[in-house]
Asker: 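Below are the structure tokens for one structure; questions will follow.
All values below were derived from every heavy atom in this structure, side-chain atoms included, with hydrogens, water molecules and symmetry-related copies excluded. In this text the structure is predicted, and so the values were computed from the model without any measurement. By convention here, the first residue in the shown sequence is residue 1.
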Amino acid sequence: MARDPRRLARMLRVRTVARDLARADQLRAAEQQHAATDLAARLDALHHAVGPQTGMAGGLGLGAAAFYRGRLADGRIEAARRIAATSAAHDAARLAAEAANRDRQAVEKLLDRARADRAAAEARALEDLPHAPRPSPRLARTLRNSG
């Protein structure tokens, strides 16, 4: 691959945007996972609150409680499925963000290597320049005395 500085700079910009998008996806997945966990916690609290309690009035209250407990049980199963799905999505987004970061770092290394190669080439070019002749002692004395 040619180490054209403009091409490498463009690749770095593209990789930076890709990394930032991957990080945004990772944050979005983490928020979804957190929301699913909160939903499961709320459903658990409701499930325990709707349970049979002492002093409930007759069969109607027990029937209604059983109905809502069944609905809450279905909701808890769905919440557990969501937690598993969002956890998998978060892991995939984290891996994608790490891969994007590795890609960006690889381009940075290429850019650093290209800069170092250019600096070494410039140093060699300076070394290959002909040396300037030393000024004669008479000229040096004249310049010193003239102040």
Side-chain angles (χ1 to χ4, degrees), residues 1-53 61-147:
M1 176 177 123
R3 292 189 183 162
D4 179 30
R6 289 177 297 170
R7 183 177 181 191
L8 288 175
R10 182 172 187 275
M11 285 177 61
L12 182 65
R13 285 191 306 270
V14 169
R15 296 294 189 236
T16 301
V17 168
R19 183 200 59 189
D20 292 345
L21 289 174
R23 282 182 179 173
D25 288 343
Q26 181 182 7
L27 288 174
R28 193 175 309 111
E31 288 172 0
Q32 288 174 347
Q33 184 179 13
H34 183 68
T37 305
D38 285 347
L39 176 64
R42 286 193 311 269
L43 286 174
D44 283 339
L46 281 173
H47 184 75
H48 293 299
V50 175
Q53 299 169 357
L62 287 177
F67 172 75
Y68 286 118
R69 281 178 68 86
R71 296 282 307 264
L72 286 171
D74 293 342
R76 288 172 66 190
I77 292 170
E78 177 63 21
R81 188 197 61 76
R82 281 186 189 178
I83 288 174
T86 56
S87 178
H90 182 253
D91 290 342
R94 182 181 48 79
L95 292 175
E98 288 173 0
N101 196 35
R102 277 193 305 272
D103 289 348
R104 184 180 185 280
Q105 288 174 346
V107 173
E108 283 178 338
K109 286 179 184 178
L110 286 173
L111 236 153
D112 290 342
R113 195 174 304 149
R115 286 184 192 126
D117 289 348
R118 276 196 313 274
E122 289 173 5
R124 280 192 302 274
L126 285 175
E127 289 173 357
D128 293 342
L129 286 177
H131 293 288
R134 282 188 77 180
S136 67
R138 182 186 296 161
L139 177 61
R141 213 175 352 202
T142 308
L143 290 174
R144 221 177 316 150
N145 291 338
S146 67

Asker: Measuring from Arg42:CZ to Leu72:CG, what's the distance to the nearest 0.5 Å?
Answerer: 12.0 Å

Asker: Looking at His90 and Ala29, what are the two nearest heavy atoms and their distance?
Answerer: CA-CB, 3.6 Å

Asker: Is it the case that His34 and Asp38 place a side-chain donor and acceptor less than 3.5 Å from each other?
Answerer: yes

Asker: Output, in order, the C-alpha distance, side-chain angles, deciding distance and verdict of side chain to side chain contact (heavy atoms under 4.5 Å, CB included) for Ile83 and Gln33.
Answerer: CA-CA 6 Å; Ile83 288 174; Gln33 184 179 13; 5.6 Å; no

Asker: Quick check for you: to the nearest 0.5 Å, what is the distance between Arg104 atom CZ and Leu12 atom CG?
Answerer: 5.0 Å

Asker: When rounded to the nearest 0.5 angstrom, what distance separates CG in Asp20 from CG in Asn101?
Answerer: 10.0 Å

Asker: Does this structure show an ion pair linking Lys109 with Asp112, if we count only N-O contacts that are shorter than 4.0 Å?
Answerer: no

Asker: I'd like to know whether Arg19 forms a side chain to side chain contact (heavy atoms under 4.5 Å, CB included) with Thr16, so could you lay out the CA-CA distance, the side-chain angles of the two residues, the decisive distance to 0.1 Å, and finally the verdict.
Answerer: CA-CA 5 Å; Arg19 183 200 59 189; Thr16 301; 3.9 Å; yes

Asker: Is it true that Glu31 and Arg28 have a side-chain N and a carboxylate O under 4.0 angstrom from each other?
Answerer: no

Asker: Identify the two heavy atoms, one from Val107 and one from Leu8, that lie closest to each other, and give their separation to 0.1 Å.
Answerer: CG1-O, 3.7 Å

Asker: So do Val14 and Met11 actually touch side chain to side chain, heavy atoms under 4.5 Å?
Answerer: no

Asker: Mind listing the closest non-hydrogen atom pair of Leu43 and Ala79 along with its distance?
Answerer: CD1-CB, 3.9 Å

Asker: Minimum heavy-atom separation for Pro5 to Arg118, with atom names?
Answerer: CG-NH1, 3.4 Å

Asker: What's the spacing between Leu110 CG and Gln105 CD if we round to 0.5 Å?
Answerer: 12.5 Å

Asker: Ignoring hydrogens and angles, tell me if any N or O in the side chain of Arg69 forms a donor-acceptor pair with the backbone of His47 under 3.5 Å.
Answerer: yes

Asker: Once you round to the nearest 0.5 Å, how far does OG1 of Thr86 lie from CZ of Arg81?
Answerer: 9.5 Å

Asker: Which atoms form the tightest heavy-atom contact between Ala100 and Ala22, and what is the distance?
Answerer: CB-CB, 4.1 Å

Asker: Please round to the nearest 0.5 Å and tell me the distance separating atom CG of Leu46 and atom CZ of Arg76.
Answerer: 10.5 Å

Asker: Report yes if the side chains of Arg94 and Glu98 come closer than 4.5 Å at any heavy-atom pair, otherwise no.
Answerer: yes

Asker: Would you name the heavy atoms of Gln26 and Ala97 that are closest together and state the gap between them?
Answerer: OE1-CB, 3.4 Å

